[in-house]
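One structure is given below, encoded as structure tokens.
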2 protein chains.
Amino acid sequence: MSASPRKVTTVSKSEARARNRRGEGTQLRADIVAAARELIEETGDPGAVTLRAVARRVGIAAPSIYAHFADTEQILRAVIEEVFDEFLEHLASARVGIEDPRTRLMATCEAYLSYGAEHPALYTLMMGPNPSRHHTADAADGQDPDPRLREDGEGVDRLVGAESFALLIDDVTAAAAAGASRTDDPFMTATALWVGLHGLVRLRADAPQFPLPDQALLDRAVLEPIAQLTPPTA
Amino acid sequence: MSASPRKVTTVSKSEARARNRRGEGTQLRADIVAAARELIEETGDPGAVTLRAVARRVGIAAPSIYAHFADTEQILRAVIEEVFDEFLEHLASARVGIEDPRTRLMATCEAYLSYGAEHPALYTLMMGPNPSRHHTADAADGQDPDPRLREDGEGVDRLVGAESFALLIDDVTAAAAAGASRTDDPFMTATALWVGLHGLVRLRADAPQFPLPDQALLDRAVLEPIAQLTPPTA
DNA sequence: ACTCGTAAGTTTACGTCTGTTACGTTACGC
DNA sequence: GCGTAACGTAACAGACGTAAACTTACGAGT
């Protein structure tokens, strides 16, 4: 139960770290990404992700990171990809199994907002200006809901959440088809909804001390008019 | 036309700087703030504002800053205050002289968006999480449009743009009174509009590579439904 | 069973940038 | 002429990225 006898300058966790086995060098890579993620969540600042800080937390020496990442930017990119997958999963699992288009659209929006509220720093990192492009998105896989979605070969980068945004488009399109929304341009409406969702998340994260109205009421005041929802049971 | 003969490590501007006169020590303070602002605008990162970087740009020695600011956070606060004033002025000058409530509301929104588009880094700094509170806002100056606006003595910090937000509330209230908006809760609608404006600015700054729809069309798709505007000439 | 190549890290160290303290210097203006 | 406002110089300690060399120990091959 006693702390480690070693004296530590700042914060350090697991002092004891067993060296990985022969083929499991990749395990350290995952630990590095996890440590970087923790640093971002705790400090709220991606700038806190430094080679030495990550190394301290993982329990390794700083140069050991070079075996897996060329620099801190690569680490951040790995975190971003992980968060994007997690965010997409969060949205998808909230939507699955809901047939009613209106309820499903609202569920997607709620999931979007809840993720942003629970992981403000990760959301900011994910949606913020990316370090740069990386792998080209795997090309055409089928029908396209709107030609504007994939301008050119690499216009829609995965990093801006194209898959997640596709869920929104899907929901809005379904709502329009079912008469739950009066929109005549699902892509435009979905984009506008994205703006509203992004604004809600960012404003709550950016100005927490500002006396905003009740959360649910403000959400409705922003999202319902944008979605052009028809009266509930009309 | 030739560059300065001195060799410089990074970027440095005015090498020559004349010492201020006797009573004009305050001039340096303004120069420091201006340099910090430039650094933020050029790099997009408030972290680039370091005592030494500011000193280099101003053309002074780093310790000379201590006479005017205790640390970098104080400098950032000064920049934030300057930007807030500028932002408020930008909105106010765009609104002034417009009598028609609908046109005036739209003008305010356009000014909001244009400032955000032209000064993305400063907007982010201004609207982002503030370093902390500072001077208490000067107390009650007259009627209050909504009791929620000033929760307690210091609830509405000036740093979150209360004055600018007041303009929005004013416009929405006037629009509602004139029948240009169908809202029955101007404060809620103004807040929702703020969310939409913030979302538009932030999304364009955060994901510039994403193929967003035409700017004017997206603006309308977001703002008009939130504002609950009545048909133009009905 | 014993080697030994090599995966998986560590140690050490250099150079840069940072904040910050202590002290020295210039020159305006009464 | 001289006090003091308005700076500059020198130097420290800490954090950072990164290169080079060293160490440990797993596990395949004989």
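The closest donor-acceptor contact from the side chain of T124(B) to the backbone of P120(B) lies under 3.5 Å. The closest donor-acceptor contact from the side chain of H90(A) to the backbone of A111(A) lies under 3.5 Å.
What you find for S164(B) and L91(B) is that their closest heavy atoms are CB-CD1, 3.8 Å. In this structure, L167(B) and R95(B) approach most closely via the heavy-atom pair O-NH1, 3.7 Å. The shortest heavy-atom contact between I226(A) and V222(B) is CG1-O, 4.0 Å. For the pair H198(A) and Y123(A), the tightest heavy-atom approach, listed with the atom from each and the gap, is ND1-OH, 2.7 Å. Closest of all the heavy-atom pairs between L125(A) and P46(A) is CD1-CG, 4.0 Å.
The nearest whole Å value for the distance from the CD1 atom in I65(B) to the P atom in dT21(C) is 14 Å. Counting to the nearest Å, the P atom of dT20(C) and the CD1 atom of I75(B) are 11 Å from each other. Rounding to whole angstrom units, CG of residue L28(B) and P of dT26(C) are separated by 19 Å. The nearest whole Å value for the distance from the CD1 atom in I60(A) to the C1' atom in dT23(D) is 16 Å.
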Would you check, one step at a time, whether the test salt bridge (charged side-chain N to carboxylate O under 4.0 Å, His left out) holds for R77(A) with E81(A)? CA-CA 6 Å; R77(A) 274 224 267 268; E81(A) 246 180 280; over 6 Å; no
Between F69(B) and L51(B), does the side chain to side chain contact (heavy atoms under 4.5 Å, CB included) criterion hold? Intermediate values first, please. CA-CA 10 Å; F69(B) 299 95; L51(B) 289 186; over 6 Å; no
Can you tabulate the close N/O pairs, meaning under 3.5 Å, that link protein atoms to atoms of nucleotides 1-3 of chain D?
from, atom 1, to, atom 2, distance (Å)
dG3(D), N2, R22(B), NH1, 3.2
dG3(D), N2, R22(B), NH2, 2.9

Could you list all N or O pairs between the protein and nucleotides 23-25 of chain C that sit under 3.5 Å apart?
none

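For Y115(B) and E86(B), the side-chain atoms include at least one donor-acceptor pair closer than 3.5 Å.
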Would you mind building the protein contact string for nucleotides 16-22 of chain D? One character per nucleotide, 5' to 3', B for base within reach (heavy atoms under 4.0 Å), S for sugar-phosphate only, - for untouched. BBBB---
